2 protein chains.
Amino acid sequence: MERAARTGSAPRSRTPLSKGRVLVTAVALADEGGVDALSMRRIAQALDVVPMALYKHVAHKNALLDGMIDVLVGEIDPPAEGADWKTAVRGRVLSARRMLLRHPWAPEVIESRMKARATPTPAVMAYLDSMIGLFRAGGFSIALVHHAMHVMGSRLLGFSQELFQDTPGGEPDPDAPPPEEMAARYPHITALAMAVAHDEDSVVGSGCDDQAEFEFALDLTLDGLERLLART
Amino acid sequence: MERAARTGSAPRSRTPLSKGRVLVTAVALADEGGVDALSMRRIAQALDVVPMALYKHVAHKNALLDGMIDVLVGEIDPPAEGADWKTAVRGRVLSARRMLLRHPWAPEVIESRMKARATPTPAVMAYLDSMIGLFRAGGFSIALVHHAMHVMGSRLLGFSQELFQDTPGGEPDPDAPPPEEMAARYPHITALAMAVAHDEDSVVGSGCDDQAEFEFALDLTLDGLERLLART
DNA sequence: ACCTGAACACCGTTCAAGT
DNA sequence: ACCTGAACACCGTTCAAGT
């Protein structure tokens with residue numbers, strides 16, 4: 001009877017393997033368990049396939065990571081039509097940030113893969129090209145767009161790049177100093193943390209609105225660029 | 001005679017192992033071969049020690065990475081004395097950037113470790129505390145420093161966060177499209193790249209001065225903050 | 001010709017056996 | 001009590017044996 005259950009049909013998943021299915025599965029696994037827990041063997045297992053079958057669709061693990069980046073970039077909204085450059089860029093960056101919040105492992109992977117590659121992945125190239133197009137349509141000279149791209153940097157992909165999250169989580173530090181010693185050793189950080197906590201009448205513990213701060217930083221940057229544009 | 005050579009002295013390196021030696025060796029290995037090639041076993045080999053000996057000085061590999069970050073942050077110059085806030089912050093960020101250029105693997109490690117930890121590593125905490133102190137001494141209100149920290153983000157540690165380096169290197173892309181197709185597919189990037197290449201009479205190939213662009217972006221940010229400060 | 005199991009050369013870390 | 005070799009449970013990827 002075991003035999004009957006297995007005869008006449010594919011022994012594994014019915015839908016055939018494809019690069020797209022591999023990538024989407026890999027992204028889902030990374031979302032669940034982080035990128036450290038992502039292995040070729042685990043992806044294969046999730047797809048109910050032998051590990052070596054993956055190598056028909058991705059050359060090696062780095063190529064898989066590149067493909068995953070492109071899946072993510074594909075989630076960024078296209079630019080708003082008919083909007084001025086500033087709102088178009090702003091909206092797109094905020095869309096990129098929403099994507100990053102869904103995939104917290106993305107910055108690390110993008111950071112490592114972008115540095116290893118001679119040229120960005122195709123989807124990133126297309127995204128950057130379209131972004132440059134938005135600036136150009138807004139009246140930026142080539143030289144000024146070049147500056148703008150450097151100024152925006154990875155913020156274009158929604159990187160918030162905080163050095164420390166005001167809303168802490170993650171591994172509790174075993175040898176973290178007690179609060180009173182913290183206050184003595186890092187007086188300025190402590191003062192800031194306390195002020196922020198009391199500042200707003202927010203329900204959440206930290207009192208720091210990350211989204212608002214991101215937009216604040218983004219707007220400061222865009223305002224700076226706008227000022228440069230007006231000067232020419 | 002082999003026997004004589006080995007008796008009466010430690011069979012391996014004479015200087016005793018210490019956390020500092022482990023960390024410095026790990027940083028050196030990462031500088032040479034990148035962080036992917038860094039393993040506990042390889043560090044042990046470089047120190048002429050059995051792998052397990054490392055675990056007396058670092059709890060596990062993540063703790064080692066944290067320690068390496070602190071070594072790097074220790075390389076950042078202390079703030080200039082007697083300078084106004086803007087030059088003090090500017091100088092320090094540029095020092096951080098010089099550090100990052102010496103350790104290209106750093107952003108990836110910082111990115112991944114900072115996200116995993118509830119609180120930054122001790123050296124990063126001290127650095128941020130001192131940075132906040134610079135702003136405060138310059139007359140920034142607590143609320144404004146908070147904004148400033150979000151605006152500066154990981155630029156404080158010298159992250160240049162380019163999405164693509166104008167001076168390409170790294171793995172050549174096997175399935176990269178030929179130049180003429182590149183131009184058709186990414187017209188804006190191509191136009192920008194060509195303009196930048198011809199623009200300056202630089203000796204280097206690319207024509208993009210990364211250092212100048214970094215300072216440009218940094219100054220735009222600092223100017224924006226200065227404007228906010230003046231408004232209060 | 002295609003697919004895949006076993007094998008290779010690595011990992012980080014545990015643990016028990018040695019001194 | 002300390003140190004360490006062997007072992008465990010994983011990796012990514014090669015390769016030869018199977019169909």
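Chain letters run A, B, ... following the sequence lines, proteins first, then strands; residues in each count from 1. Scope of the values below: all heavy atoms of this structure, side chains included, with no hydrogens, waters or symmetry mates. Quick caveat: nothing in here was measured; it's all calculated off a predicted structure.
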Short side-chain to backbone donor-acceptor contact, A/Lys115 and B/Pro104, under 3.5 Å = yes

To the nearest 0.5 Å, what is the distance between [atom1] on [X] and [atom2] on [Y]?
X        : Y        : atom1 : atom2 : value
A/Leu54  : A/Met40  : CG    : CE    : 5.0 Å
A/Leu29  : A/Leu38  : CG    : CG    : 6.0 Å
A/His146 : A/Phe135 : NE2   : CZ    : 12.5 Å

Nucleotide-resolved protein contact map, nucleotides 6-19 of chain C, B/S/- at heavy-atom distance under 4.0 Å | -B---BBBBB----

Pair B/Ser130-B/Arg92, side-chain donor/acceptor within less than 3.5 Å | yes

Side-chain donor-acceptor pair under 3.5 Å between B/Trp105 and B/Asp36, yes or no?
-> no

Mind running side-chain hydrogen bond (donor to acceptor under 3.5 Å, both in side chains) on A/Thr121 and A/Asp70 for me, showing each step along the way?
-> CA-CA 7 Å; A/Thr121 60; A/Asp70 279 4; 2.5 Å; yes

Using Watson-Crick and G-U wobble pairs whose two distances are both under 3.5 Å, how do you write the pairing of DNA chain D as dot-bracket, with | for links to another strand?
-> ||.|||||...|||||.||

B/Glu75 with B/Arg102: basic N within carboxylate O range, under 4.0 Å | yes

Going by an N to O cut-off under 4.0 Å, is there a salt bridge joining B/Asp129 and A/Arg185?
-> no

Euclidean distance for P, C/dC8 against D/dG18 (whole angstrom) = 16 Å

Taking only nitrogen or oxygen atoms into account, show me every contact under 3.5 Å that the protein makes with nucleotides 1-3 of chain C, one pair per line with its distance.
{"from": "C/dC3", "atom 1": "OP2", "to": "A/Lys56", "atom 2": "NZ", "distance (Å)": "3.3"}

The side-chain contact (heavy atoms from CB on, under 4.5 Å) partner of B/Leu101 among B/Met99, B/His103, B/Arg97 is B/Arg97

